Amino acid sequence: MTEPAPDAARPYVRYIDKTRAYYLSQGYEKPYAWANNASAPFTPLSKPLSASTVTLISTSEIAIKGDPRFDDDPETRAKGNVYDVPSATPAAMLYSRTQSYDRYATTLDDPNAYFPLDRLHEAVARGRLGKIAGNCLGVYNAYSQRKTVERDAPEVLGQCRAMGVDVAILVPV
Amino acid sequence: MGLVCRVVEEAGVPTVCVSTGRDITALVRPPRSYFVNAPMGNNFGAAGDVATQSRILRAVLALAVEARDPGLILDDVLQWPAPFAFNPAPATPEAIAKQLRK
């Protein structure tokens with residue numbers, strides 16, 4: 001299934017037009033052009049989940065309380081567009097800096113709603129998952145297909161390979 | 001994020017994209033997607049709803065194992081209890097200044 005679900009009883013937000021207007025309001029020079037792909041690559045999972053290493057990758061601007069990498073100070077801010085969040089970080093230490101969500105409908109107060117680290121640890125404890133990779137990853141929205149494909153995605157791939165990741169869960173926010 | 005999924009998957013690491021934006025996901029076409037019809041930031045359900053977060057994570061992991069069709073989008077059953085849209089924070093002073101400089 002690749003087309004929008006035709007279930008009128010459960011309409012969903014059309015983000016493409018809305019985010020185009022939002023990016024313009026944020027000072028971006030040109031409307032964002034979404035990728036439009038007719039096919040998708042595919043790699044089967046090569047081992048059982050119970051023996052697999054999993055990581056979380058998020059554009060939620062997930063941050064760690066007290067970590068100077070997430071301060072506004074340019075001297076201490078993390079360099080680059082991809083950064084690590086140690087998977088041993090307690091969820092209570094995580095928060096999101098993003099502003100691009102419906103602030104009238106929800107909050108980002110519970111990281112597990114968009115960065116379910118506690119739920120992953122529980123899945124490992126139950127034996128459903130092998131383990132969580134040493135790091136989860138944050139990726140800042142690049143607002144550029146080229147930068148995403150040529151700069152950020154290879155960095156994510158390299159870090160996944162270095163950590164022996166078998167399957168990655170990616171969560172756009 | 002769908003583009004990152006495609007690059008990572010193409011290089012041999014399976015991915016699942018957990019999306020709240022179905023129109024974007026259908027266009028970008030990540031290898032495997034799990035769509036949750038919830039406000040942005042609630043990809044795994046509501047804040048504090050541990051049962052739903054666990055259920056969605058189980059479904060996402062199952063999709064990693066069971067998907068066979070590249071580009072598949074699987075729809076979660078969640079019905080968000082109230083209307084929602086896309087109402088991000090207003091433009092920052094920096095963004096407004098950038099607009100004015102154009």
Side-chain angles (χ1 to χ4, degrees), chain A residues 1-5 10 12-16 18-19 22 25-27 34-37 39-45 49 57 59-60 99-110 112-114 116 119-120 122-123 139 145 148-149 152-154 156-157 160 165 167-173, chain B residues 1-19 21-24 26-31 37 39-48 50 53-54 57-58 60-61 64-65 70-73 75 79 82-89 91-92 94-96 98-99:
Chain A
M1 185 194 314
T2 55
E3 298 301 319
R10 297 179 59 227
Y12 51 87
V13 175
R14 267 63 175 175
Y15 282 103
I16 290 176
K18 296 178 185 297
T19 52
Y22 174 68
S25 80
Q26 294 296 307
W34 296 98
N36 188 349
N37 294 299
S39 61
F42 193 80
T43 301
L45 186 60
L49 281 173
I57 302 167
T59 51
S60 64
Q99 299 287 311
S100 55
Y101 65 99
D102 185 347
R103 64 196 189 285
Y104 301 117
T106 189
T107 74
L108 298 180
D109 293 346
D110 178 9
N112 282 297
Y114 52 91
R119 305 293 85 82
L120 277 176
E122 291 162 4
V139 183
Q145 288 185 40
T148 299
V149 170
D152 298 342
V156 168
L157 174 64
C160 285
V165 168
V167 59
I169 299 172
L170 292 93
V171 188
V173 173
Chain B
M1 194 54 102
L3 289 174
V4 177
C5 289
R6 293 173 59 89
V7 170
V8 170
E9 181 105 12
E10 192 156 39
V13 179
T15 63
V16 183
C17 184
V18 187
S19 167
R22 203 179 198 289
D23 57 341
I24 297 170
L27 206 60
V28 176
R29 209 172 296 238
N37 197 2
M40 218 179 259
N42 292 98
N43 312 55
F44 290 84
V50 174
Q53 293 168 5
S54 297
L57 179 61
R58 281 196 302 273
V60 166
L61 293 171
V65 175
L72 174 75
I73 302 175
D75 294 278
Q79 302 224 23
F84 60 92
F86 182 64
N87 294 301
T92 62
E94 293 78 15
I96 293 168
K98 192 174 178 183
Q99 288 284 52

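No experiment lies behind these values; they were computed from the predicted model shown. Hydrogens, waters and symmetry mates are skipped; everything else that's a heavy atom, side chains included, is used. Lettering follows sequence order; numbering is per chain, from 1.
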Go through the atoms of [X] and report whether side chain, backbone, both or neither lie under 4.5 Å from a heavy atom of chain B.
| X | value |
| --- | --- |
| A/S60 | neither |
| A/N36 | both |
| A/N37 | both |
| A/T19 | both |

Heavy atoms only, distances under 4.5 angstrom: which of A/R119, A/Q145, A/K18 has the most pairs with chain B? Name it, please.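 Heavy-atom pairs under 4.5 Å are most numerous for A/R119.
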
Quick one: which of A/V156, A/I16, A/L108 has the most heavy-atom pairs under 4.5 Å with chain B, could you say?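 Of A/V156, A/I16, A/L108, A/I16 has the most heavy-atom pairs under 4.5 Å with chain B.
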
Are the side chain of B/N42 and the backbone N or O of A/A113 linked by a donor-acceptor pair below 3.5 Å?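 Such a contact is absent between B/N42 side chain and A/A113 backbone.
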
Using only atom types and a distance under 3.5 Å, with no angle test, would you say the side chain of B/E9 pairs donor to acceptor with the backbone of A/T43?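 Checked: pair present.
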
Compare every heavy atom of [Y] with every heavy atom of [X], then report the nearest pair and how far apart it is.
| X | Y | result |
| --- | --- | --- |
| A/P44 | B/P14 | O-CG, 3.7 Å |
| B/P31 | A/P41 | CB-O, 3.2 Å |
| A/P172 | B/N43 | O-ND2, 3.0 Å |
| A/A35 | B/L3 | CB-CD2, 3.7 Å |

When only pairs under 4.5 Å are counted, which of B/A82, B/G12, B/P83, B/G21 shares the most heavy-atom pairs with chain A?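 When all of B/A82, B/G12, B/P83, B/G21 are compared, B/G12 has the most.
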
For the [atom1] atom of [X] and the [atom2] atom of [Y], what is their distance to the nearest 0.5 Å?
| X | Y | atom1 | atom2 | result |
| --- | --- | --- | --- | --- |
| A/L157 | B/T15 | CG | OG1 | 11.0 Å |
| B/C17 | A/I169 | SG | CD1 | 11.0 Å |
| B/M1 | A/T148 | CE | OG1 | 9.5 Å |

Is it the backbone or the side chain of [X] that comes under 4.5 Å from a heavy atom of chain A, or both, or neither?
| X | answer |
| --- | --- |
| B/V8 | both |
| B/A46 | backbone |
| B/L61 | both |

Are [X] and [Y] side-chain neighbours, meaning at least one heavy-atom pair lies under 4.5 Å?
| X | Y | value |
| --- | --- | --- |
| B/V13 | A/V167 | no |
| A/T106 | B/F84 | no |
| B/M40 | A/Y15 | yes |
| B/L57 | A/E122 | no |
| B/V65 | A/L49 | yes |

Is the centre of the B/F44 ring less than 6.0 Å from the centre of the A/Y114 ring?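 Judged by ring-centre distance (under 6.0 Å), B/F44 and A/Y114 do not meet the cut-off.
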
